[in-house]
A.B. asks: 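First the structure, which I've put down as structure tokens, then a few questions once you've had a look.
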Protein chains: 2
Amino acid sequence: MRLTVVNDNRRAAYARERMAEFAARCRAAGLPVTPQRTAIIEALLDATDHPRAESICAEVRRRHPHVSLATVHRTLETLCRIGEARKVTTLHDSARYDGNLRPHHHVVCVRCRRIRDVEIAGLDTALGGAIRAPGFKPLGWSLEIQAVCDDCANFGGREGRSSGTGGVGRTPRNSNQTPQGANE
Amino acid sequence: MRLTVVNDNRRAAYARERMAEFAARCRAAGLPVTPQRTAIIEALLDATDHPRAESICAEVRRRHPHVSLATVHRTLETLCRIGEARKVTTLHDSARYDGNLRPHHHVVCVRCRRIRDVEIAGLDTALGGAIRAPGFKPLGWSLEIQAVCDDCANFGGREGRSSGTGGVGRTPRNSNQTPQGANE
DNA sequence: TATCCGATGATAATTATTATCATCTGATAG
DNA sequence: CTATCAGATGATAATAATTATCATCGGATA
Ligand SMILES: [Mn+2]
Ligand SMILES: [Mn+2]
Ligand SMILES: [Zn+2]
Ligand SMILES: [Zn+2]
């Protein structure tokens, strides 16, 4: 298993392709092509570091100083909804803690944010030799499986039943996420 | 590669072990053993769902109604610092977006929060057959490699140089994270 | 039991994100 | 090309999670 860091040349070519298709993709999704949207996707595709809304906003304002930060937030979410971008931080809305110190991974319900421990025999062994990212000193890794839990699939699944402390206990601000896994 | 969801029996036994050692571990770390700390680690170990601070606080207050939410936040971070817990949401502090729609994974600097794309040949193929968590309908997956980037290893590495849009652009509230990878 | 330093509780401050609403504008039809 | 209008935007307020502040408290040690 070989690990490669995606380099800038490939990224730049990819960004050009994507920009060429962008207007058509907006129309296909039934969305007007606004200069804000164009500038935001362009800044996102130019970025190498998975930027935050504020960072995108700063970049966009170099050419369009009037753009509102709220618009950047809204637009980034819109781009995720139509599949033109994804949020790296699936679970960023509030900190979630884990008492289980054994090596393990997680399956996350993208609707109710339930998180369960899973063990994947062989994975860590297989990865152990491969994790050598140039420019980084690796400390550890974790696999997050995005999924829909049975409760959410059956009912509306607003929140888990009486799971005691384990219950999520609230409806997250953003329970409408699109899968973002690395599979297709 | 076989995936198993960690069941309640094993968790309960594990929780009992951990509670038995907890006071000694606090002392080893030079921390007083307070009733709040004990109650918080107990609630965390009893939880099945990687709870948030508020959820832990609600549980703890059933026995200790005076406990402050701020204390729960502080204590959970302390527990992470001494290695008695971990934060599942490494990057929860602000939403990070990605324009790269190709299947790929991420390496994250735990100090400056830089995130770079990595491709791991063979991983998705190997996982494809294994991802069948009972009780969940899988949608996708992603591997996050926690690491320290060279800049942070060499200098203080407060933030990346002039990476334009890509730069994180601020010092995160919580740049003092412990590795939480699934390796040992 | 007295001492002390870190822990805690109460509360304010900060920060990211979302909601609201008046105004603007891209898309469409004439 | 222009009128129309639904949806997008900008300005701003509101919300929510987390952290900071600081007076008080209480484990640990002798
Ligand atoms: Mn876990
Ligand atoms: Mn990426
Ligand atoms: Zn669910
Ligand atoms: Zn770094």
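In what follows, every chain begins at residue 1, and chains take the letters A, B, ... in the order their sequences are listed.
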A.B. asks: Can you measure Arg27(B) atom CZ to dT29(D) atom C1' for me and round it to whole angstrom units?
C.D. replies: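 Going from Arg27(B) (CZ) to dT29(D) (C1'), I get 12 Å.
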A.B. asks: Find the distance Arg96(B):CZ to dA16(C):C1' and express it as a whole number of Å.
C.D. replies: 14 Å
A.B. asks: For Glu119(B) and Arg102(B): C-alpha separation, side-chain torsions, deciding distance, then whether salt bridge (Lys or Arg N to Asp or Glu O under 4.0 Å) applies.
C.D. replies: CA-CA 10 Å; Glu119(B) 290 174 0; Arg102(B) 308 170 110 145; 5.5 Å; no
A.B. asks: Does dA10(C) have OP1 or OP2 sitting under 4.0 Å from an N or O in the side chain of His66(B)?
C.D. replies: no
A.B. asks: What is the distance, to the nearest angstrom, from the NE2 atom on His73(A) to the C1' atom on dT17(C)?
C.D. replies: 6 Å
A.B. asks: Over its full length, what angle do the end axes of the helix from dT1(C)-dA30(D) to dG30(C)-dC1(D) make, each axis taken from five pairs and the result rounded to 10 degrees?
C.D. replies: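 If I round to tens, the end axes sit 40° apart.
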A.B. asks: If only side-chain N and O atoms of Arg74(A) are considered, is one of them under 4.0 Å from the OP1 or OP2 phosphate oxygen of dA8(D)?
C.D. replies: no
A.B. asks: Rounded to the nearest Å, what distance is computed from the CZ atom of residue Arg81(B) to the C1' atom of nucleotide dA7(C)?
C.D. replies: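 Roughly 12 Å, once rounded to whole Å.
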A.B. asks: Kindly say if Thr71(A) contacts the phosphate of dG10(D), meaning a side-chain N or O under 4.0 Å from OP1 or OP2.
C.D. replies: yes
A.B. asks: Of Arg52(A), Arg86(A), Glu77(A), which is the lone residue that meets side-chain hydrogen bond (donor to acceptor under 3.5 Å, both in side chains) with Tyr97(B)?
C.D. replies: Glu77(A)
A.B. asks: Out of dT8(C), dG9(C), dT18(D), which has the shortest distance to the side chain of Thr34(B)?
C.D. replies: dT8(C)
A.B. asks: I'd like to know if the side chain of Thr71(A) and the backbone of Val67(A) have a donor-acceptor N/O pair within less than 3.5 Å.
C.D. replies: no
A.B. asks: Within less than 4.0 Å of OP1 or OP2 of dA7(C), is there a side-chain N or O belonging to Thr75(B)?
C.D. replies: no
A.B. asks: If we ignore angles and hydrogens, is there a donor and acceptor under 3.5 Å between the side chains of Arg18(A) and Tyr14(A)?
C.D. replies: yes
A.B. asks: Out of dA20(D), dT12(D), dA16(C), which has the shortest distance to the side chain of Glu54(A)?
C.D. replies: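 When the side chain of Glu54(A) is considered, dA16(C) is the closest of dA20(D), dT12(D), dA16(C).
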A.B. asks: Ignoring backbone atoms, establish whether Gln36(A) has a side-chain N or O less than 4.0 Å from OP1 or OP2 of dG10(D).
C.D. replies: yes
A.B. asks: Closest to the Arg52(B) side chain: dG9(C), dA17(D), dT19(D)?
C.D. replies: dA17(D)
A.B. asks: I'd like to know whether Asp151(A) forms a salt bridge (Lys or Arg N to Asp or Glu O under 4.0 Å) with Arg114(A), so could you lay out the CA-CA distance, the side-chain angles of the two residues, the decisive distance to 0.1 Å, and finally the verdict.
C.D. replies: CA-CA 10 Å; Asp151(A) 286 356; Arg114(A) 211 171 290 213; 3.2 Å; yes
A.B. asks: Measure CG/Leu31(A) against C1'/dT28(C) and give the value in whole Å, please.
C.D. replies: 16 Å
A.B. asks: Which whole-number value in Å describes the distance from Lys87(B) NZ to dA17(D) P?
C.D. replies: 14 Å
A.B. asks: For Leu69(A) and dA16(C), give me the distance from atom CG to atom P, rounded to whole Å.
C.D. replies: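 So the CG-P distance, Leu69(A) to dA16(C), works out to 9 Å.
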A.B. asks: Look only at the side chain of Arg37(B) and the backbone of Phe22(B), and say whether a donor-acceptor pair between them is shorter than 3.5 Å.
C.D. replies: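 No, the answer is negative, given that no donor and acceptor are paired below the 3.5 Å cut-off.
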A.B. asks: Please determine whether side-chain contact (heavy atoms from CB on, under 4.5 Å) holds for the pair Val108(A) and Ile145(A), giving the CA-CA distance in whole Å, both sets of side-chain angles, and the decisive distance to 0.1 Å.
C.D. replies: CA-CA 6 Å; Val108(A) 178; Ile145(A) 302 171; over 6 Å; no
A.B. asks: Between atom CE of Met19(A) and atom CG of Asp46(A), what is the distance when rounded to the nearest 0.5 Å?
C.D. replies: 8.0 Å
A.B. asks: Given dT18(D), dG10(D), dA28(D), which nucleotide is nearest the side-chain atoms of Pro32(B)?
C.D. replies: dA28(D)
A.B. asks: Would you say Ser94(A) places a side-chain N or O within less than 4.0 Å of OP1 or OP2 belonging to dA16(D)?
C.D. replies: no
A.B. asks: Among the candidates dG9(C), dT8(C), dG10(D), find the nucleotide nearest to the side-chain atoms of Arg37(B).
C.D. replies: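 Out of dG9(C), dT8(C), dG10(D), the nucleotide with an atom closest to Arg37(B)'s side chain is dT8(C).
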A.B. asks: Nearest whole Å is fine: how far is dA16(C) C1' from Tyr97(B) OH?
C.D. replies: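 Distance check: Tyr97(B) OH to dA16(C) C1' gives 10 Å.
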A.B. asks: Taking only the side-chain heavy atoms of Ala95(A) (C-beta and beyond), determine which of dT11(C), dG7(D), dT18(D) contains the nearest atom.
C.D. replies: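 For the Ala95(A) side chain, the nearest candidate turns out to be dT18(D).
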A.B. asks: Think His92(A) has a side-chain N or O under 4.0 angstrom from the OP1 or OP2 of dT17(C)?
C.D. replies: yes
